[in-house]
Amino acid sequence: MIGGMATVFIAAAGVPLPLAAVLAILAAVAVGSPAARACDRAGPRRLRRDPHHHHHRRIDFSARRGAGAVRQAGAQDPLLLRRRTDPARRRGDPAPEPWVLGGAIAVFLALYLFLDRTLLGKAMLATAANRLAARLVGINTAVIMALAFGSSAAIGAVAGILITPITLTSYDTGILLALKGFAGAMLGGMGSPLGAIIGGLLLGLFEAFSAGYLSSTYKDAVAFLTILVVLFVMPSGLFGQRSVERV
Amino acid sequence: MRLGLAPRFWTLALLAVAILLLPLAFPSAYYFRVGALVWVSALAAVGLNVLMGQAGQVSLGHAGFFGIGAYAVAIGPAHLGIPPWASLPLGAMLAGALAYGVGRPVLRLRGHYLAIATLGLGVLVAIVLTNESRWTGGPDGMRVARLDLFGWRVAGAETWYWIAGGVLLIGVWLALNLEETRTGRALRALHDSEVAARAVGIDVARYKLRAFVIAAVYASVAGSLLALMNGFITPDQAGFLHSVELVTMVVLGGLGSVAGSIVGAAVLVTLPQALTIFQEYENLLLGLVIMLAMIFLRQGIVPGLHALWRSRRVGPLAT
């Protein structure tokens with residue numbers, strides 16, 4: 001939300017669009033990380049100690065923001081797209097859809113490289129798996145957490161910026177997108193970035209096709225019904241590992 | 001607190017005194033209306049607290065059950081010829097049956113999966129209520145027939161204040177008693193550790209389901225009361241934001257504390273009314289107050305203040 005709105009405002013103030021986008025991302029990080037950290041500290045201690053909980057929050061938040069963007073890209077079914085008159089396209093600007101898809105893929109690649117190939121990324125994964133153990137091997141978990149929240153806010157802002165030309169912007173754009181992004185990540189399975197992508201895409205396609213072939217009023221219902229049914233059959237999503245509770 | 005009576009008695013007694021004495025300070029009917037809103041929201045929050053606080057299971061779709069109750073008393077008299085007083089228990093039964101049917105597979109899920117499944121359930125109910133406009137009036141909502149009890153036309157803010165207060169008192173009494181029963185102990189046990197609870201012979205799935213159904217029935221009754229009180233209902237009452245509001249009430253007041261749920265509901269209903277003097281900044285301040293409350297009273301308002309009070313009395317060294 002901050003990403004999309006801030007870009008529009010800063011661009012309207014005469015700043016060139018790419019620079020405005022960068023500034024907007026910084027704004028989202030600036031607002032996002034302290035707010036999120038304060039909230040995290042407020043979380044009941046029981047939850048904070050639960051290793052499962054961290055795992056979800058730090059890493060997968062980022063993944064599902066990205067999934068939200070991909071989902072939206074998936075939802076642009078050609079059938080619907082042709083009927084759409086895009087304000088951006090009419091003015092001769094580049095079409096926004098390739099940007100959304102490309103941006104989402106770029107974010108995913110960057111996230112993958114960061115988490116898998118850098119020491120900092122591995123420290124973040126370690127913090128996610130077990131904060132106490134991470135601290136014991138010398139990882140500054142406070143810094144890592146600030147970084148995780150910051151990058152999560154940045155990815156959210158990127159998604160907002162990419163999507164604004166399609167959906168326009170308002171103060172509450174984020175809610176439904178975040179919900180569906182979250183749902184998409186759950187559909188794919190927790191802790192699996194590939195699952196987040198596939199879950200997001202599937203959800204978007206389901207929604208678009210049911211809008212086209214079944215009933216456009218119930219397209220959201222079909223999306224959520226799909227999730228319910230999938231979770232009934234596969235309680236940890238399509239690609240999630242079975243969680244085993246250690247006692 | 002050491003008078004030989006259980007703490008739960010004090011919660012109930014304090015609530016009864018509050019319901020009885022608050023009207024003495026009310027200068028106008030508007031205050032009765034806000035008071036009635038607080039009691040109705042508190043009823044839904046107390047029910048949700050059984051699920052979240054006692055059993056430790058999250059539900060992000062609870063407004064769906066609230067909406068079922070609300071639309072039951074709206075659709076019953078308007079389309080099916082069922083009088084409002086009979087529609088209320090029918091709505092509660094419908095909500096309970098839905099919770100029972102869906103709860104079985106849904107409650108197998110944990111953590112965020114459970115959150116997303118309950119969320120999906122709530123969104124589905126809201127979508128159906130919004131789109132079946134032949135029955136529900138669609139996004140514009142629909143009128144609710146006035147409640148008629150034996151020729152007495154129930155109307156007016158003051159009447160509804162007493163009705164909502166009375167129903168809340170019964171609801172709180174039941175919820176407090178539940179804590180001390182076999183079910184209550186089983187819920188606490190599975191909240192701490194499902195594996196341990198199963199090891200001592202507790203049928204985890206059954207007790208979770210029971211808590212889910214109880215919470216759904218509470219929400220449905222609260223929804224019916226609100227619809228009858230307002231005489232009007234929109235699908236917003238079943239929407240995601242209302243679900244979040246209910247969860248916020250429970251968490252803000254203090255998870256697992258019945259008194260906390262009532263306080264949380266009171267704060268979330270009255271604060272926006274008090275903050276209207278700040279006009280556009282109302283929501284901003286509301287969010288700020290909630291954030292500060294959660295930062296400084298991590299366990300929620302009631303358990304947080306209680307712990308603070310105890311540590312003051314005993315002194316910092318003793319804790």
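Protein chains get the first letters and strands the later ones, always in sequence-line order, with residue 1 at the start of each.
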Inset, instruction - Count the heavy atoms belonging to other residues, nucleotides or ligands that lie under 6.0 Å from CZ of A:F206, then report whether that count exceeds 12. - result: no
Inset, instruction - Under 4.5 Å, heavy atom to heavy atom: which of residues 97-109 of chain B reach chain A? Give them by number, or say none. - result: B:V102, B:P105, B:V106, B:R108, B:L109
Legend entry - Rounded distance [0.5 Å steps], CG in A:L228 versus CG in B:L124: 6.0 Å
Inset, instruction - Specify which of B:T130, B:I127, B:I116, B:L119 makes the most heavy-atom pairs with chain A at under 4.5 Å. - result: B:I116
Legend entry - Partner of B:Y113 by side-chain contact (heavy atoms from CB on, under 4.5 Å), out of A:L187, A:L231, A:I227: A:L231
